[in-house]
Visitor: 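Below is one structure. I have some questions about it.
Basis for what follows: all heavy atoms, side chains included, without hydrogens, waters or symmetry-related copies.
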Amino acid sequence: MHNKNSTINFPSSFTWGVATSAYQIEGASAIDGRGPSIWDTFTHTPDKIIDGSTGDVACDHYHHWVEDVEIIAALNVNAYRFSISWSRVQPLGYGPWNEKGFEFYAKLLDKLAEKNIAAHVTLYHWDLPQGLQDRGGWLNRETATRFADYAAEVARRFGDRITTIATHNEPWCSANLGYGNGQFAPGIADTALSIQVSHHLLLSHGLAIQAMRAVLRNLNSSTKLGIVLNQWTAMPATDSPQDRAEAEWEYARSVQWYMDPIFKLKYPQKALDRMDLNKFLVHENDMNDIGQAIDFLGVNYYTRAYVSTENPPKKPEGKLGFSDMGWEIYPDGLTDLLLRLQREYPRLPPIYITENGMAAADKIEGGKISDETRIEYVRLHLHALHQAIAQGVDVQGYFYWSLLDNFEWNSGYAKRFGLVYVDYDTQERILKDSALWYRDFIAAQMQAARSKIQ
Ligand code: FCB
């Protein structure tokens with residue numbers, strides 16, 4: 001048996017990082033020419049966010065970015081994953097670029113380079129410019145073309161200093177929560193529409209990859225291109241044929257629905273069989289456009305899906321507990337998931353774990369935040385990841401979600417995921433014990449890597 005307390009060594013070239021996203025940390029929502037996004041509209045609509053909060057100020061990263069990069073550097077990480085706010089650099093999502101917006105990211109990228117921290121950029125972390133929503137948003141096929149224009153412009157301006165560019169973060173969420181159950185912006189609840197939206201998101205990914213490739217080739221740039229998907233293993237609650245079939249359906253509609261078009265150029269039949277396809281329109285060349293070769297796959301893993309057909313559904317026992325989001329802590333699911341991906345996708349590129357982390361009810365006591373459960377969460381998931389690597393899965397990096405406590409979408413500020421505590425009254429940042437642990441863990445990894453080389 002694998003000993004979860006043993007020392008593990010990751011490859012010496014391994015990427016160690018922390019992650020954030022624009023709307024969740026930047027604030028400055030109407031400053032320097034930024035246009036509104038669907039999340040500005042959504043948070044300013046009554047009753048959408050649990051604590052009635054908005055991202056207007058958030059962690060005010062737009063004004064604290066220097067300090068925040070210093071903190072990132074102090075954590076010993078060699079990579080930072082963040083997203084660009086599309087409406088900050090192109091206020092309407094079409095038409096003129098906003099130079100002030102690009103300046104902000106240019107300064108950030110320079111500072112990261114100065115600290116030797118690789119930039120991993122996401123183009124779309126759910127914040128569509130409201131100007132495009134007013135033209136139909138992701139239900140309008142044209143939005144995919146606008147997205148490719150935006151992607152090409154980012155590549156043109158920054159293609160010389162970004163390590164990886166991901167087109168989308170978790171398109172499953174944009175489609176299923178934005179259009180399926182309406183919990184996220186733009187707050188539409190229509191399953192059939194959400195399926196069409198998922199197709200346009202995938203199409204926009206493929207068009208953006210093609211547009212960026214052309215630009216990067218001209219720049220002679222080595223920036224790697226990919227996408228970030230949220231994934232889980234779906235496990236049947238019992239051995240009954242019903243539970244097992246339901247778990248496979250869950251996996252097909254959430255994981256394979258995004259993986260198959262990209263890596264097999266088709267939607268999974270098992271999912272198509274049970275879906276409401278009356279609003280689903282795929283043009284002739286779409287699957288070729290979507291299935292472009294990519295250089296990396298970003299996987300966000302938080303928990304497993306525990307699937308039960310009983311009424312009421314069986315709940316997982318949660319041997320290792322549940323996070324403050326109510327998500328079961330289940331590290332083995334990460335190993336299972338990665339091994340399954342490796343089995344099912346011969347064209348699988350190298351993987352980054354682009355998000356993994358937990359929310360906890362963190363409190364400052366005597367100037368300290370003792371978040372032992374988070375330390376344990378990360379430690380166990382790193383062991384699970386190491387297991388997958390030992391079994392041949394090509395994983396090149398791990399990013400903790402998140403660097404800072406931040407605006408957790410419809411949960412507002414109540415859920416704290418950060419390694420760094422944020423006091424929202426003063427904008428003071430305080431390193432939690434988990435930040436110190438992660439810092440020391442990475443230092444030890446780098447030390448071990450150095451002694452291996454000598
Ligand atoms: C992921 C999101 C990220 C954050 C974490 C907790 O689904 O990508 O922005 O909200 O969950």
Side-chain angles (χ1 to χ4, degrees), residues 19-43 54-56 58 61-62 65 81-109 119-159 162 164-171 173-175 178-179 184-186 197 200-209 211-212 215 225-228 298 407 409:
T20 63
S21 91
Y23 189 70
Q24 294 180 275
I25 66 164
E26 284 181 2
S29 64
I31 286 180
D32 289 344
R34 179 183 179 277
S37 81
I38 54 174
W39 271 94
D40 295 279
T41 311
F42 192 69
T43 54
T54 73
D56 289 3
H61 170 72
Y62 192 76
W65 62 275
R81 172 176 181 247
F82 64 97
S83 80
I84 292 180
S85 156
W86 183 353
S87 64
R88 195 179 286 293
V89 299
Q90 191 181 32
L92 291 168
Y94 56 87
W97 304 110
N98 178 29
E99 292 308 321
K100 283 252 181 235
F102 278 118
E103 271 165 35
F104 171 69
Y105 297 107
K107 284 187 303 193
L108 178 63
L109 286 166
H120 293 253
V121 169
T122 304
L123 294 175
Y124 187 81
H125 205 118
W126 308 348
D127 42 0
L128 190 76
Q130 183 60 40
L132 284 177
Q133 190 63 36
D134 296 342
R135 296 182 166 192
W138 288 111
L139 279 171
N140 181 352
R141 207 182 145 86
E142 264 296 300
T143 299
T145 311
R146 298 286 74 77
F147 181 69
D149 292 347
Y150 155 58
E153 187 65 19
V154 171
R156 212 168 283 129
R157 290 177 185 246
F158 298 141
I162 299 180
T164 71
I165 301 180
T167 52
H168 283 276
N169 175 73
E170 306 191 347
C173 291
S174 303
Y179 284 81
F184 282 9
V197 163
H200 288 157
L201 289 164
L202 281 163
L203 178 65
S204 77
H205 155 80
L207 297 180
I209 295 286
M212 289 192 287
V215 172
L225 304 180
I227 188 169
V228 171
F407 177 73
W409 309 111

Visitor: Counting only heavy atoms not in K107, do more than 12 sit closer than 6.0 Å to its NZ atom?
Guide: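 Enclosed.
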Visitor: First locate atom CG of L123, then atom OG of S83, and finally report the distance between them rounded to the nearest 0.5 Å.
Guide: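 The OG atom of S83 is 9.0 Å from CG of L123, to the nearest 0.5 Å.
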Visitor: Shortest non-hydrogen contact from D32 to K100?
Guide: O-CB, 3.5 Å
Visitor: Report yes if the side chains of S87 and S37 come closer than 4.5 Å at any heavy-atom pair, otherwise no.
Guide: yes
Visitor: Just by distance, no angles: are the side chains of D149 and Y94 close enough, under 3.5 Å, to form a donor-acceptor pair?
Guide: no
Visitor: Indicate the atoms forming the closest heavy-atom contact of A148 with A211, along with that distance.
Guide: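 Looks like O-CB, 3.8 Å.
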Visitor: Test the R157-Y105 pair against the cation-pi criterion, namely NZ or CZ under 6.0 angstrom from the six-membered ring centroid and within 45° of the ring axis.
Guide: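 No, a cation-pi geometry is absent between R157 and Y105.
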Visitor: Can we say D127 and R88 salt-bridge, meaning some charged N sits less than 4.0 Å from an Asp/Glu carboxylate O?
Guide: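 Salt bridge absent between D127 and R88.
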Visitor: State the CZ-CH2 distance between R156 and W97, to the nearest 0.5 angstrom.
Guide: 7.5 Å
Visitor: Check the orientation of W409 and F184. Use parallel for under 30°, tilted for 30 to 60°, and perpendicular for over 60°.
Guide: tilted
Visitor: To the nearest 0.5 Å, what is the distance between CD1 on I162 and CG on L225?
Guide: 10.0 Å
Visitor: Could you give the distance from CE (M212) to CG (L207), rounded to the nearest 0.5 Å?
Guide: 10.5 Å
Visitor: State, to 0.1 Å, how close P171 and V228 come at their nearest heavy-atom pair, and which atoms those are.
Guide: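 Where P171 meets V228 most closely, the heavy atoms are CD-O, 3.5 Å.
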Visitor: Any side-chain heavy atom of N169 sitting closer than 4.5 Å to one from R81?
Guide: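 Heavy-atom side-chain distance check passes, below 4.5 Å.
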Visitor: Test side chain to side chain donor-acceptor pair (under 3.5 Å) on T143 and N140 and set out the steps.
Guide: CA-CA 6 Å; T143 299; N140 181 352; 4.8 Å; no
Visitor: Please report the closest heavy-atom contact between T122 and T167, naming both atoms and the distance.
Guide: CG2-O, 4.3 Å
Visitor: For residues F147 and H168, establish whether the separation of their ring centroids is below 6.0 Å.
Guide: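 Ring-ring flag for F147/H168: true, centres closer than 6.0 Å.
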Visitor: May I ask you to test the I84-Y150 pair for a side-chain heavy-atom distance under 4.5 Å?
Guide: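 Result yes, sub-4.5 Å side-chain heavy-atom pair found.
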Visitor: Between Y23 and H125, is there a donor-acceptor pair closer than 3.5 Å when you use the side chain of the first and the backbone of the second?
Guide: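 It does not hold such a pair.
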Visitor: Distance check, rounded to the nearest 0.5 Å: E26 atom CD versus D56 atom CG?
Guide: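 Taking CD in E26 and CG in D56, the distance rounds to 13.0 Å.
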Visitor: For the aromatic rings, using the six-membered ring if either is Trp, is the centroid distance between Y124 and W138 under 6.0 Å?
Guide: yes
Visitor: Could you check whether any side-chain heavy atom of N98 comes within less than 4.5 Å of a side-chain heavy atom of P91, counting everything from C-beta outward?
Guide: yes
Visitor: With the side chain counted from C-beta on, respond yes when H61 and T20 share a heavy-atom pair under 4.5 Å apart, and no when they do not.
Guide: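 No, their side chains stay 4.5 Å or more apart.
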Visitor: Can a donor-acceptor pair be found, under 3.5 Å and without considering hydrogens, that links the side chain of Q130 to the backbone of D40?
Guide: no
Visitor: Quick check: does any side chain N or O of Q24 sit under 3.5 Å from a backbone N or O of F407, one acting as donor and the other as acceptor?
Guide: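 Yes, because the side chain of Q24 sits within donor-acceptor range (under 3.5 Å) of the backbone of F407.
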Visitor: With side chain to side chain contact (heavy atoms under 4.5 Å, CB included) as the criterion, how do Y179 and L139 come out once you've worked through the C-alpha distance, each side chain's angles and the decisive distance to 0.1 Å?
Guide: CA-CA 10 Å; Y179 284 81; L139 279 171; 3.8 Å; yes
Visitor: Any chance you could measure I38, atom CD1, to L132, atom CG, to the nearest 0.5 Å?
Guide: 10.0 Å
Visitor: Which heavy-atom pair separates S85 from R34 by the least distance, and what is that distance?
Guide: OG-NE, 3.4 Å
Visitor: Less than 4.5 Å apart, any side-chain heavy atom of T164 and any of V121?
Guide: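 No; the side chains remain at least 4.5 Å from each other.
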Visitor: Write down the atom of L108, the atom of F82, and the distance for their closest heavy-atom approach.
Guide: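 Result for this residue pair: CD2-CE1, 3.7 Å.
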